[in-house]
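Predicted, not measured: the structure shown is a model, and the values here were computed from it. Every heavy atom of this structure was used, including side-chain atoms; hydrogens, water molecules and symmetry mates were not. Every chain is numbered from 1, with letters handed out A, B, ... down the list of sequences.
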Protein chains: 2
Amino acid sequence: MNATTHPTIADVAQRAGVSTATVSRVINKSGNVTADTIARVQAAIAALDYAPHSGARILASRRARTIGLITPTISDLFFTDLLRGIEQTVYEHEYTLLIHATHGRPYDDIIPMLPLNHHNTDGLIIFTNSVDDARLQKLHARHFPLVLLHRSPPAGTAMPCVTFENKDGAFQMTAHLIACGHRRIAFVSGPAGNEDAGWREQGYREALAVHGLAVDPALIVPGDFNAVVAATAVTHLLHTQPNIDAIFAADDESARGALAAIRQSGRRVPQDIALAGFDDSLLSQYLHPPLTTVRAPIEAAGRAAAAQLIQLIHTGHADPLTLLPTELVIRESCGWVLVNSEQ
Amino acid sequence: MNATTHPTIADVAQRAGVSTATVSRVINKSGNVTADTIARVQAAIAALDYAPHSGARILASRRARTIGLITPTISDLFFTDLLRGIEQTVYEHEYTLLIHATHGRPYDDIIPMLPLNHHNTDGLIIFTNSVDDARLQKLHARHFPLVLLHRSPPAGTAMPCVTFENKDGAFQMTAHLIACGHRRIAFVSGPAGNEDAGWREQGYREALAVHGLAVDPALIVPGDFNAVVAATAVTHLLHTQPNIDAIFAADDESARGALAAIRQSGRRVPQDIALAGFDDSLLSQYLHPPLTTVRAPIEAAGRAAAAQLIQLIHTGHADPLTLLPTELVIRESCGWVLVNSEQ
DNA sequence: CTGTTAGCGCGTTCAG
DNA sequence: CTGAACGCGCTAACAG
């Protein structure tokens with residue numbers, strides 16, 4: 001080694017007057033080493049400011065001590081909560097987390113040649129549809145530990161997955177809107193193919209049915225989990241269906257867009273029209289009026305996914321399905337403030 | 001290899017009827033290989049669904065093709081913009097990005113033993129004070145490529161850094177507030193030790209001085225880039241200094257807290273009191289009223305940092321300082337809508 | 001309790 | 001244009 005390079009385990013061994021095996025033992029706290037030897041080795045490590053080469057460690061030990069997260073995007077209010085849950089759990093178990101955002105590019109184009117493939121990782125958390133079914137199958141066929149987050153396994157394949165009660169949350173919210181006296185309730189849907197979005201719409205439909213209300217297709221407009229898309233759709237909706245009295249948006253982002261569109265049309269929330277969202281994202285409480293929404297346990301979902309994966313890595317088993325409960329958060333956008341509260 | 005393991009370069013070589021060296025050549029597009037041989041090798045790779053082991057690659061080639069980002073936190077509106085800029089640039093140059101959030105834990109506790117150390121990375125972007133001066137010096141002494149983002153190098157050390165014109169932006173905003181007729185302008189400061197925050201306060205002070213206004217220490221309250229902290233401080237400020245006519249918050253988060261505090265006190269924005277923020281974060285335009293703020297070119301800063309680092313890795317040289325311009329965004333929270341615009 | 005040694009999977013000379 | 005052989009830095013038997 002010289003000034004421009006990094007010290008290796010051999011440098012440490014030499015300086016401590018021991019073999020590389022001993023240095024490896026103290027680093028990994030494996031095997032039996034005298035307290036005295038440990039001290040000498042640690043002193044040498046500190047003096048040299050040595051850090052093990054993780055590539056070499058992974059190669060030699062066939063363990064990466066790392067779990068990977070594949071996600072479509074990272075620029076999302078949703079994502080920060082999710083990540084907090086995952087990180088926390090991962091670190092508690094002394095693993096490291098590697099994150100890769102696909103941004104819509106197929107997994108196969110990016111991962112295979114690069115640092116976040118299955119060689120650097122003891123298992124993967126797959127968020128929504130960042131990886132396609134075929135790739136999932138291949139990974140699974142090799143017994144590579146996988147946990148799905150907000151996404152179902154390919155047909156016929158058993159992979160543990162974690163999600164929350166989208167349908168029930170949407171059902172409850174729709175029921176709440178009905179209890180508030182609303183009848184013409186529109187729904188701003190999410191992206192096609194997104195499972196969360198699908199279940200939320202399903203919950204809306206079922207609640208309507210249970211309460212004897214017909215589902216009017218003209219009242220379901222596309223929002224794509226996106227404020228701008230939702231605003232456009234709601235503006236149009238307000239024109240063609242002027243007599244609606246409530247809007248339930250599939251997520252808080254589209255609720256935000258709906259709010260802007262409603263205000264633009266000269267109507268007031270909640271006096272003229274009620275509005276509800278889904279997620280209870282950071283934004284929702286700062287909207288004006290504060291948004292009534294469904295709280296999604298996003299951070300808990302992250303924790304559960306990480307915990308399931310680590311368990312899978314260690315024991316070979318995990319729960320096939322983890323379903324986390326959602327909860328109504330009644331604020332002001334529906335015009336019913338705490339009517340049901342603690343009496 | 002067997003069913004539960006992954007194929008290696010030797011499996012590919014055998015199947016294609018060539019040596020491992022040849023496989024390596026086609027993977028890395030190095031050396032001269034017949035079109036026919038290339039095709040055979042690629043077919044074998046596809047058939048086996050082979051992916052190179054990146055640990056082994058890094059070990060053998062002594063290049064990670066990866067740059068690392070060390071950041072204090074990832075749960076931040078600010079961060080998503082920054083990341084977008086970094087990712088984009090990194091991928092354009094065919095590098096991969098590894099992200100590590102320290103969450104306040106010292107770098108030395110986490111990185112050295114784990115997958116994101118200097119062995120897996122050809123260079124590092126250091127965001128604010130996620131890494132201390134001593135560690136920076138050590139890395140630098142080993143000629144390890146480093147770019148600092150929103151942070152100055154340790155005294156006496158030359159490291160390229162990227163930031164934007166915090167002081168100038170704050171100066172302009174303060175001048176704008178003065179031009180609006182305000183005189184008793186309070187400042188909600190940022191975290192101690194945060195350089196961005198320091199420069200912003202400095203800009204505020206200088207603008208006051210240039211316009212012949214005294215800096216009243218009682219008008220400077222702590223906000224910590226945090227809405228709750230800022231709200232508490234501003235509530236107190238409103239009591240002790242009831243005659244202030246404007247508040248300039250060091251970032252949009254603390255502006256949001258200030259807004260809540262002002263409203264709570266029964267005053268109106270902008271009629272009773274003007275409010276300005278800094279960053280132009282996503283939130284600011286959805287506040288009520290929409291927040292006048294300073295637009296920080298966060299994504300551009302991310303792009304610049306990545307570009308400088310890659311240049312540094314390739315050429316050994318980078319610009320000592322990249323200073324990106326900021327820009328006033330006049331919305332409604334100061335009560336002066338576009339007075340200066342295009343006349 | 002400690003040292004020796006043989007790979008882990010790959011890139012890279014160097015021959016041919 | 002292609003193959004053989006070595007070594008990257010480390011862990012994991014196996015000896016002693």
Does [X] have a side-chain nitrogen or oxygen under 4.0 Å from the phosphate oxygens OP1 or OP2 of [N]?
X	N	value
Thr8(A)	dC8(D)	no
Ser61(A)	dT11(D)	no
Thr34(B)	dT2(D)	yes
Thr22(B)	dG3(D)	yes
Asn32(A)	dT2(C)	no
Arg57(B)	dG11(C)	yes

Quick one: [X] [atom1] to [N] [atom2], roughly how many Å, whole number?
X	N	atom1	atom2	value
Ile58(A)	dA12(D)	CD1	C1'	17 Å
Leu48(A)	dG9(D)	CG	P	14 Å
Tyr50(A)	dG9(D)	OH	C1'	7 Å
Arg63(A)	dG9(D)	CZ	P	23 Å
Arg65(A)	dC10(D)	CZ	P	12 Å
His53(A)	dC10(C)	NE2	C1'	12 Å
Asn28(A)	dA12(D)	CG	C1'	10 Å
Arg62(B)	dG7(D)	CZ	P	12 Å

Looking at residues at least two apart in the chain, or sitting in another chain, which of them share a side chain to side chain donor-acceptor pair (under 3.5 Å) with [X]?
X	result
Asn28(B)	Ser24(B), Arg57(B)
Ser30(B)	none
Ser152(B)	Glu195(B)
Asp36(B)	Arg40(B)

| query | Axis-to-axis angle across the helix from dC1(C)-dG16(D) to dG16(C)-dC1(D), five pairs an end, to 10 degrees? | reply | 30°

| Thr71(B) side chain to Thr73(B) backbone, donor-acceptor under 3.5 Å | yes

| message | Between Asp319(A) and Leu321(A) (side chain of the first, backbone of the second, donor and acceptor by atom type, cut-off under 3.5 Å), is there such a pair? | response | no

| said: Near DNA chain C, counting only heavy atoms under 4.0 Å, which residues of residues 35-43 of chain A show up? | reply: Thr37(A)

| Can you say whether the rings of Phe127(A) and Phe79(A) are parallel (under 30°), tilted (30 to 60°) or perpendicular (over 60°)? | tilted

| task | Indicate the ring-plane relationship of His314(B) and Tyr95(B), choosing parallel, tilted or perpendicular according to the 30° and 60° boundaries. | result | tilted

| task | Classify the side chain of Arg25(A) and the base of dG3(C) as holding, or not holding, a donor-acceptor pair under 3.5 Å. | result | yes

| Contact nearer the 5' end of DNA chain C, comparing Ser24(B) with Ala56(A) | Ala56(A)

| request: May I ask you to say whether Asp81(B) pairs ionically with Arg84(B), meaning some side-chain N is under 4.0 Å from a carboxylate O? | output: yes

| message | Categorize Val18(B) for me: base, sugar-phosphate, or nothing, with a 4.0 angstrom heavy-atom threshold over every strand shown. | response | sugar-phosphate

| task | Decide yes or no on side chain to side chain contact (heavy atoms under 4.5 Å, CB included) for Ile313(A) and His93(A), but give the supporting numbers first. | result | CA-CA 12 Å; Ile313(A) 292 168; His93(A) 291 266; over 6 Å; no

| Given dC10(C), dT11(D), dG3(D), the nucleotide with the shortest approach to the side chain of Ala21(B) | dG3(D)

| request: Would you indicate which nucleotide in dT2(C), dT11(D), dG7(D) comes nearest to any side-chain atom of Ala60(B)? | output: dG7(D)

